[in-house]
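The block underneath contains the structure these notes are about, expressed in structure tokens.
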Amino acid sequence: MLEPIAHVGLDPGTGGYVRDAWSEADMELREWFAGEAARRGLDLREDRNGNLWAWWGDPSPGRPGVVTGSHLDSVRQGGAYDGPLGVVSAFAALDLLRKRGVSPSKPLGVACFTDEEGARFGVPCMGSRLLTGALEADRALALTDDDGDTLADVMTRAGRKAREIGRDAGTLAMIGTFVELHVEQGRGLVDQGRPVGVASAIRPHGRWRFDFRGRADHAGTTRLADRDDPMLPFARMVLAARENAERRGVVATVGKVRVSPGNANAIPGHVSAWLDVRGPGAADVRALVADLAGAAEVREESWTPVVDFDPALRDRLARVAGGDTPAPILPTGAGHDAGILATAGVPSAMLFVRNPTGVSHSPDEHAEQADCEAGVVALADVLEALSET
Ligand code: HGY
Ligand code: MN
Ligand code: MN
Ligand code: MN
């Protein structure tokens with residue numbers, strides 16, 4: 001299903017994808033999206049935050065549409081399916097509806113949200129957070145990537161009017177209902193032996209930046225007693241995060257560390273580390289961060305409260321997507337644009353497609369062709385049902 005874009009941002013050495021927001025790979029994927037929209041005669045729009053919308057029918061605040069989609073950016077060395085499966089399936093579902101001769105009574109839209117992973121600027125779901133006002137424009141514009149480029153620099157270089165980003169009530173009013181199809185990031189559907197599932201909830205999660213400061217000095221001539229080595233409190237934080245996470249029933253991850261200046265023969269002066277914490281309860285997530293905070297300067301980079309998807313919409317999707325027996329309904333520990341929209345009050349839902357490995361944010365992420373096709377049929381059925389009056 002993903003062949004047309006399988007080469008974009010692919011690291012042939014690892015099979016992983018590097019598709020940072022506003023990178024060359026991202027720009028190529030945006031062109032692909034525009035081509036797919038044009039091939040279908042859909043009305044292509046890019047909103048002020050760089051999110052892409054391809055419309056079948058003309059939405060308006062008085063006649064909002066049913067929108068489906070996801071994102072095309074990836075984590076670094078990510079898998080092929082996280083994001084793209086939702087966008088490719090969205091176009092394929094519209095094709096299937098047309099093949100069925102369906103003429104929807106509501107506009108149908110395909111969406112592609114900008115920078116869902118936050119791999120480059122650190123804040124996940126950037127496009128949907130800006131769209132809904134969950135992220136202030138000024139804060140976003142000042143975010144910097146590892147090269148010190150700000151979002152403003154990068155968007156300007158990409159030919160966008162960076163200063164116009166921000167809450168977009170007009171675009172938001174076009175979305176009557178949003179459905180995101182996504183590869184499952186876990187083994188729930190494998191364990192239940194089903195190809196397609198429906199999301200019940202997104203667990204609360206956040207990202208925090210820890211800065212440990214010490215004193216740079218020579219690796220060979222500085223006595224241990226004289227050292228102020230930021231690596232030590234950093235290492236203690238990682239171990240404490242793991243121990244406290246077990247105790248508090250949450251998951252904690254440090255997947256990104258920046259050691260500066262980064263000499264093998266010098267004690268570092270500064271260690272920055274990003275902590276990702278998620279769990280069933282927001283209080284436990286925040287308590288874990290508090291457990292660790294003493295050791296460093298701590299800054300909250302992003303926070304997503306628990307998202308409980310609308311039960312009526314969720315159950316309707318389970319019936320429609322499940323065929324003879326309702327599709328399984330299951331929570332996820334992964335964040336999604338659907339969660340940001342739901343939090344902003346947009347009726348939203350998610351469909352999951354089975355991932356036989358259960359692995360995600362890694363080249364080992366996978367979905368079988370037959371299950372991807374089952375996902376498209378389920379999505380088409382859902383769109384058809386939701387687009388009836
Ligand atoms: O981080 C997440 O949970 C999502 O995949 N962006
Ligand atoms: Mn992801
Ligand atoms: Mn995703
Ligand atoms: Mn998502």
Side-chain angles (χ1 to χ4, degrees), residues 49 51 67 70-71 75 82-83 86 111 113-119 121-137 139-140 143 166-169 172 175 177-180 182 184-186 188 198-210 241 244-245 248-253 255 274-293 298-315 317 329-352 360-361:
N49 298 303
N51 303 309
V67 180
S70 191
H71 60 95
V75 294
D82 175 353
F113 290 98
T114 297
D115 200 358
E116 192 271 352
E117 296 292 1
F121 294 101
V123 174
C125 298
M126 170 96 82
S128 52
R129 287 180 200 266
L130 284 168
L131 168 67
T132 59
L135 174 66
E136 281 304 313
R139 175 164 174 236
L143 291 170
R167 189 172 190 286
D168 187 340
L172 213 45
I175 316 170
T177 311
F178 178 65
V179 180
E180 180 169 3
H182 205 283
E184 188 190 356
Q185 295 161 302
V198 174
S200 55
I202 292 177
R203 295 200 176 101
H205 60 282
R207 283 186 202 184
W208 288 266
R209 173 175 166 156
F210 280 63
N244 290 3
R248 292 191 176 282
V250 300
V251 286
T253 312
W274 282 262
L275 176 71
D276 179 311
V277 187
R278 314 191 189 198
D284 292 321
V285 171
R286 289 198 170 280
L288 177 79
V289 179
D291 293 342
L292 308 173
V298 182
R299 186 176 69 188
E300 182 171 293
E301 301 262 293
S302 71
W303 172 251
T304 307
V306 62
V307 174
D308 288 310
F309 287 109
D310 173 77
L313 182 58
R314 175 201 71 197
D315 294 346
L317 259 68
I329 295 175
L330 56 172
T332 180
H336 297 284
D337 296 304
I340 303 300
L341 292 181
T343 304
V346 174
S348 302
M350 291 193 74
L351 291 178
F352 291 133
S360 184
H361 285 185

Taking side chain as C-beta onward, heavy atoms only, is F113 less than 4.5 Å from C125? no

Any donor-acceptor N or O pair under 3.5 Å, side chains R129, T304: yes

Taken in chain and number order and not counting sequence neighbours, the residues that satisfy salt bridge (Lys or Arg N to Asp or Glu O under 4.0 Å) with R278 are D276

Measuring from S302:OG to R139:CZ, what's the distance to the nearest 0.5 Å? 7.5 Å

Whether the side chain of E136 engages the backbone of A140 through a donor-acceptor N/O pair (distance < 3.5 Å, no angle test) should be reported. no

Before giving the answer on side-chain contact (heavy atoms from CB on, under 4.5 Å), spell out for N49 and T114 the whole-Å C-alpha distance, their side-chain angles and the decisive distance to 0.1 Å. CA-CA 7 Å; N49 298 303; T114 297; 5.9 Å; no

With R203 via salt bridge (Lys or Arg N to Asp or Glu O under 4.0 Å) - residues at least two apart: none

CA sep, side-chain torsions, deciding dist, call: L351, V198, side-chain contact (heavy atoms from CB on, under 4.5 Å): CA-CA 5 Å; L351 291 178; V198 174; 3.8 Å; yes

For the atom pair CG (N51) and OG (S128), what is the distance rounded to the nearest 0.5 Å? 7.0 Å

Between L313 and S348 the two heavy atoms that sit nearest each other are CD2-O, 3.5 Å

Heavy-atom pair of closest approach, residues I202 and A334: CG2-O, 3.4 Å

Nearest heavy-atom approach of F210 to A293 is CE2-CA, 4.3 Å

Between CD of E180 and CZ of F352, what distance do you get to the nearest 0.5 Å? 8.5 Å

Mind checking side chain to side chain contact (heavy atoms under 4.5 Å, CB included) for E300 and listing every partner two or more places apart, or none if nothing turns up? W208, R286, W303

Of all heavy-atom pairs between R314 and A199, which one has the smallest distance, and what is that distance? CG-O, 3.5 Å

Reported CZ-to-NE2 distance for the pair F178 and H336, which is rounded to 0.5 angstrom: 10.5 Å

I'd like to check E116 versus S70 (side-chain heavy atoms, cut-off strictly below 4.5 Å). Are they in contact? no

Between T132 and L172, is the side-chain contact (heavy atoms from CB on, under 4.5 Å) condition met? List the steps. CA-CA 7 Å; T132 59; L172 213 45; 3.9 Å; yes

Do the side chain of T253 and the main chain of G255 share a donor and acceptor less than 3.5 angstrom apart? no

Under-4.0 Å salt bridge between D291 and R248: yes

What's the shortest heavy-atom distance between P124 and G122, and which atoms? CD-O, 3.6 Å

If you define the side chain from C-beta out and look only at heavy atoms, does anything of L130 sit under 4.5 Å from R167? no

Strictly by modelled atom types, are H182 and D82 linked by a side-chain donor-acceptor pair under 3.5 Å? yes

Any side-chain heavy-atom pair from H71 and D337 closer than 4.5 angstrom? yes

State, yes or no, whether a side-chain contact exists between I329 and D315 at a heavy-atom distance under 4.5 Å. yes

Going from CG on L275 to CG on L288, what distance comes out if it is rounded to the nearest 0.5 angstrom? 6.5 Å

With a 4.5 Å limit on heavy-atom distance, are the side chains of R207 and W274 in contact? no

Please examine the side chains of V123 and L143, heavy atoms only from C-beta on, and report whether any two atoms are closer than 4.5 Å. yes

side-chain contact (heavy atoms from CB on, under 4.5 Å), that's the test. Do L131 and L341 meet it? Break it down for me. CA-CA 9 Å; L131 168 67; L341 292 181; 4.0 Å; yes

Please find the pair of heavy atoms, one from A282 and one from P204, that lie closest to each other, and give the distance. N-CG, 3.6 Å

With the side chain counted from C-beta on, respond yes when E184 and L330 share a heavy-atom pair under 4.5 Å apart, and no when they do not. yes

